[in-house]
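As the structure lists them, so they are numbered: ligands from 1, and atoms in each ligand from 1. Only a predicted model underlies this, so the values are computations on that prediction, with no experimental measurement involved.
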Amino acid sequence: MSLHRQFPPDFVWGVATSSFQIEGAAFEDGKGESIWDRFCKQPGAIADASNGHVACDHFHRLDEDLDLIASLGVNAYRFSIAWPRVQANGYGEFNPKGLDFYERLVDGLKRRGIQAWATLNHWDLPQGLQDRGGWNDRDTVHRFVDYARHVQARLGDRIAGLTTHNEPWVVATLGNEQGIFAPGIKDRKIATQVSHHLLLSHGLAMQALRADGAKSQLGIVLNLSSWVPATAMPADIAAARLADAHGRRWYTDPLFKGSYPEDALADLGADAPVVQAGDMEVIAQPMDYLGVNYYTRAVMSASGEAWNAKARGLPVSDMDWEIYPQGLTDLLVGLKNDYANLAPVYITENGGAFPDNQIQAGGVQDDDRIDYLRTHIAAVASAMQQGVPMAGYMVWSLMDNFEWASGYLKRFGIVHVDYDTLARTPKASADWYRQFLRDWRG
Ligand code: GBH
């Protein structure tokens, strides 16, 4: 059966972006500094020494970008709201002008018949809160709940899906343990406390938003992989299991079972987070959906040696991440097997960075990206056939953008962005996605 026929008529198809990566207008209309604005100033932090001051200038090109999204034929658009735009310091006064922008965005989507999927935290925490300890400080949890309620009060009636956090693992581990992302802290004890506070703020926000009469579907987005051993040796199998505990079950167990995994806790020892009575029950609020971001699998060995897919001649993207669609099916089926109460699942990000060396007279012929998308969408179909409750799929990303520590050097878009002129040009993959969706609609 052809691929598009394998998806039901109510399936949600989208493209995804995030505020810091596309908006620019970093200090306009009262926007405060975010931890990423600050982190970009740290020498060596960003590969091309760039920042988010202009990015794709989406803030000033909203209408053009809305038309672009509509031209793809998607029925959903996933974006994020920059907290420091809505509340400069993350505490104190809210800035109505900040929400004006997102109101124009959701109204523009509504006019075009496209569902709005909004994420409240895609990493750009107000620097004002970081100065008070950031996610390591339990008070930030309550500041987040206030911010979430404020956004819902103004826009909630026009948002189909509201996501508390994007990839808490990245914030905790890359931001606070490895220090390669903002805020650039290298402390495992802090990182685990950060992860706990992110989860707690998710649960408290879910409760508060529902008490306020939420009209949107509420959930969280996790970056998940398929953790597999490099060999059949017991030590490698154990290493893969522990990596799965830290990377996946650390988040999915609290959300669906109300507890942290014992093996990860034992491994953390004194670095385990401080958990107060009642926290775990709050985190385990039933969710309307789980968002999953998938890019690659993770191959683990007991030696700790990194798996170099490229050196092994395996297919990789421009991030050097292995292209492994089967890992997406394995991951999804694993979630269904591990959690009887699993919520409907949306793939909220999937896509690949590919170098821009295929620019031709007519545009960008990114066949490798088309292959990536087609094979991963097929992997979703396969999971669905195996009983995983799949509800949607969103491509990362609508357009080339600020790829965090890689700056503007890595391109994930199905639309090309010329960073001199800021012109947008759909790549062949955008045409492919449009045609795929046309076929699916029938
Ligand atoms: C997502 O992060 C973000 O939500 C999005 O903003 C970003 O632009 C996009 O992906 C592309 O990066 O490091 O070799 O072990 C994804 C972050 C990517 C972190 C895969 C873990 C594992 C590969 N994750 N990564 S490796």
Give one line per pair: atom of ligand 1, protein atom, distance. Only N/O to N/O under 3.5 Å.
{"residue": "ligand 1", "atom": "2 (O)", "partner": "E167", "partner atom": "OE1", "Å": "2.8"}
{"residue": "ligand 1", "atom": "2 (O)", "partner": "E167", "partner atom": "OE2", "Å": "3.3"}
{"residue": "ligand 1", "atom": "4 (O)", "partner": "H122", "partner atom": "NE2", "Å": "3.3"}
{"residue": "ligand 1", "atom": "4 (O)", "partner": "N166", "partner atom": "ND2", "Å": "3.0"}
{"residue": "ligand 1", "atom": "4 (O)", "partner": "E167", "partner atom": "OE1", "Å": "3.3"}
{"residue": "ligand 1", "atom": "4 (O)", "partner": "E167", "partner atom": "OE2", "Å": "3.4"}
{"residue": "ligand 1", "atom": "4 (O)", "partner": "E349", "partner atom": "OE1", "Å": "3.0"}
{"residue": "ligand 1", "atom": "4 (O)", "partner": "E349", "partner atom": "OE2", "Å": "2.8"}
{"residue": "ligand 1", "atom": "6 (O)", "partner": "Q21", "partner atom": "OE1", "Å": "2.8"}
{"residue": "ligand 1", "atom": "6 (O)", "partner": "H122", "partner atom": "NE2", "Å": "2.9"}
{"residue": "ligand 1", "atom": "6 (O)", "partner": "W404", "partner atom": "NE1", "Å": "2.9"}
{"residue": "ligand 1", "atom": "8 (O)", "partner": "Q21", "partner atom": "NE2", "Å": "2.9"}
{"residue": "ligand 1", "atom": "8 (O)", "partner": "W396", "partner atom": "NE1", "Å": "3.2"}
{"residue": "ligand 1", "atom": "8 (O)", "partner": "E403", "partner atom": "OE1", "Å": "2.6"}
{"residue": "ligand 1", "atom": "10 (O)", "partner": "Y295", "partner atom": "OH", "Å": "3.2"}
{"residue": "ligand 1", "atom": "10 (O)", "partner": "E349", "partner atom": "OE1", "Å": "3.3"}
{"residue": "ligand 1", "atom": "12 (O)", "partner": "E403", "partner atom": "OE2", "Å": "2.6"}
{"residue": "ligand 1", "atom": "14 (O)", "partner": "W321", "partner atom": "NE1", "Å": "3.3"}

**Prompt:** Any sub-3.5 Å donor-acceptor pair from Y408's side-chain atoms to N51's backbone N or O?
**Reply:** yes

**Cation-pi check, R241 onto W227 ring (under 6.0 Å, within 45° of axis)** = no

**Prompt:** Does the gap between the ring centers of W117 and Y289 come in under 6.0 Å?
**Reply:** yes

**Asked** More than 12 non-hydrogen atoms from neighbouring residues, nucleotides or ligands closer than 6.0 Å to CD on E262, yes or no?
**Response** no

**Asked** With the threshold set at 4.0 Å, does a side-chain nitrogen-carboxylate oxygen contact exist between D146 and R149?
**Response** no

**Prompt:** With a distance cut-off below 6.0 Å to the six-membered ring centre and an angular limit of 45° from the axis, does R297 pair with Y324 as a cation-pi contact?
**Reply:** yes

